[in-house]
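Read through the structure below, which is laid out as structure tokens, and then see the notes.
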Amino acid sequence: MGVAALFLLSSLCLFAVTAQAQQCSKPSGGPNMDLKSDYITETTFADGATVAFSCNPGYRAAGGSSTITCTAGQWSAVLLRCERKNCGALPEVTNGDVIYTDGTEFGDTAKVQCKPGYNPVGGSAVVRCEVEGWSSRLQTCEVVKCVPPGGIVNGTFSPMKESYDYREVVRYSCSKDFLVLNGSRELICSENENFSPAPPTCVWVECKDPVIQNAEFESGSRPPHRLNSVVTYSCKPGYKMEGPSTVTCNLNSQWSPSLPKCNKIAKPTPPSTTSTTTSTTATPTGTEHNLLFLVKKKENVTFFL
Ligand SMILES: *[C@@H]1O[C@H](CO)[C@@H](O)[C@H](O)[C@H]1NC(C)=O
Ligand SMILES: *[C@@H]1O[C@H](CO)[C@@H](O)[C@H](O)[C@H]1NC(C)=O
Ligand SMILES: *[C@@H]1O[C@H](CO)[C@@H](O)[C@H](O)[C@H]1NC(C)=O
């Protein structure tokens, strides 16, 4: 074998080694990006080779070149930047608020919070920011409806409708004279789809004409005595009143507070027997005076000391 042939072989070998050294291995990109599918199967890249990156689903290119080049076994710097896709704000919901768990970017979720008296209907309870935008339409808020409240005996309410909106009010009235509403006159359609409070009742109120022994009617209502009628009585001479002189007819057809009594005034006892009692009752007042005097005396003493 000639020298020339040997030289050729060795130079070929050298070339192969150099070429091997100038190849690049599989490059790794920046955050949230991957090598484009065209290059994904290759493991080594020749000197001068160019590869491109693309942002992962849900991320969008936010500047920088997407390509890098292999030069002498080294990849150029990855300049591409990928940022999270932003789905933007959802349309506002009437009578509700859109609540974002985090924000409006890829992977974030949102839900609707209806105001009191409104219920969520239609759409989705939770939507997610996906590659193509928000996953679906959000729920909307619909006003709470109440069915008519209960009817009452000898009474009615208005307005009468098939359904009522939240916060709508119905008013009750009794259909006959002298019937009185016991309870709330007005009911309101509440958040729980029912009227509250409970409907009133119509009650017949009539207080009996008072019969008070040894008393005389002085002024006020004459029978029939209806709700809130007032009468005033006084006792005949020689009688003293126990309880209030004026009473009012209440919802239970009772005089309130209870009717007074007229008690016979006790005849004054002869003076002979009273003398002993007065003396005993006078003693405490006497000692009181003495005590007061003692205190005053003491004061003077201390003052002079
Ligand atoms: C309703 O009215 C009728 C006729 O006036 C009466 O007989 C009845 O007792 C009343 N009912 C109530 C609960 O007041
Ligand atoms: C008024 O209503 C209350 C509560 O429903 C009830 O307890 C009471 O007995 C009623 N009064 C009359 C006089 O009907
Ligand atoms: C003792 O006190 C009374 C009233 O506190 C007063 O009127 C009187 O002058 C006093 N006596 C003397 C000696 O200060």
Side-chain angles (χ1 to χ4, degrees), residues 94-97 113-121 139-265:
T94 316
N95 297 311
D97 291 312
Q113 171 102 58
C114 293
K115 285 179 187 166
Y118 293 84
N119 285 334
V121 290
Q139 288 171 320
T140 54
C141 295
E142 194 181 71
V143 69
V144 162
K145 303 261 184 199
C146 286
V147 294
I152 57 169
V153 178
N154 292 336
T156 186
F157 64 84
S158 73
M160 264 192 197
K161 305 203 291 185
E162 267 183 25
S163 134
Y164 301 80
D165 279 358
Y166 173 64
R167 294 215 167 245
E168 217 170 329
V169 169
V170 294
R171 282 170 194 85
Y172 281 81
S173 58
C174 294
S175 51
K176 291 188 176 70
D177 284 348
F178 308 125
L179 284 177
V180 188
L181 276 181
N182 173 27
S184 182
R185 199 170 86 87
E186 288 188 347
L187 271 63
I188 189 161
C189 174
S190 310
E191 275 174 57
N192 64 2
E193 304 182 356
N194 284 306
F195 274 95
S196 82
T201 52
C202 285
V203 294
W204 173 266
V205 176
E206 186 176 351
C207 285
K208 286 197 183 106
D209 201 33
V211 179
I212 308 168
Q213 294 297 312
N214 303 308
E216 282 168 341
F217 175 81
E218 199 146 89
S219 63
S221 157
R222 286 298 191 184
H225 304 287
R226 303 298 180 190
L227 182 67
N228 297 332
S229 291
V230 171
V231 290
T232 302
Y233 280 79
S234 61
C235 289
K236 286 177 179 167
Y239 292 85
K240 195 179 178 295
M241 188 167 282
E242 184 191 326
S245 58
T246 300
V247 289
T248 308
C249 180
N250 71 15
L251 199 64
N252 299 315
S253 297
Q254 300 293 320
W255 292 107
S256 170
S258 55
L259 289 171
K261 279 183 191 160
C262 287
N263 298 325
K264 203 178 182 85
I265 297 168

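Note that ligands are numbered from 1 as they come in the structure, with each ligand's atoms numbered from 1 the same way. The figures that follow rest on heavy atoms only: side chains count, while hydrogens, waters and symmetry mates do not.
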query = Less than 4.0 Å between atom 7 (O) of ligand 2 and some protein heavy atom, yes or no?
reply = no
ask   = What residue and atom, counting heavy atoms only, is the protein's closest point to atom 14 (O) of ligand 2, and at what distance?
value = V203 CG1, 3.2 Å
key: Side chain proximity check, H225 to P210, heavy atoms < 4.5 angstrom   = yes
request  = Determine the minimum heavy-atom distance between P224 and E206, stating which atoms define it.
outcome  = CB-OE2, 3.5 Å
query = Touching ligand 2 at all, L251? Heavy atoms, strictly under 4.0 Å?
reply = yes
key: Closest non-hydrogen atom pair, R171 against E186   = NE-OE2, 2.7 Å
task = Give the residue and atom name of whichever protein heavy atom lies nearest to atom 13 (C) of ligand 2, and the separation in Å to one decimal.
result = N252 OD1, 3.1 Å
inquiry  = Among all protein heavy atoms in this structure, tell me which lies nearest to atom 9 (O) of ligand 2, with the distance rounded to 0.1 Å.
reply    = N182 ND2, 4.7 Å
ask   = What closest approach, in Å, do P159 and Y164 show between heavy atoms, and which atom pair accounts for it?
value = O-OH, 2.7 Å
query = Looking at atom 2 (O) of ligand 2, is any protein heavy atom nearer than 4.0 Å to it?
reply = yes
query = Are T156 and S173 side-chain neighbours, meaning at least one heavy-atom pair lies under 4.5 Å?
reply = yes
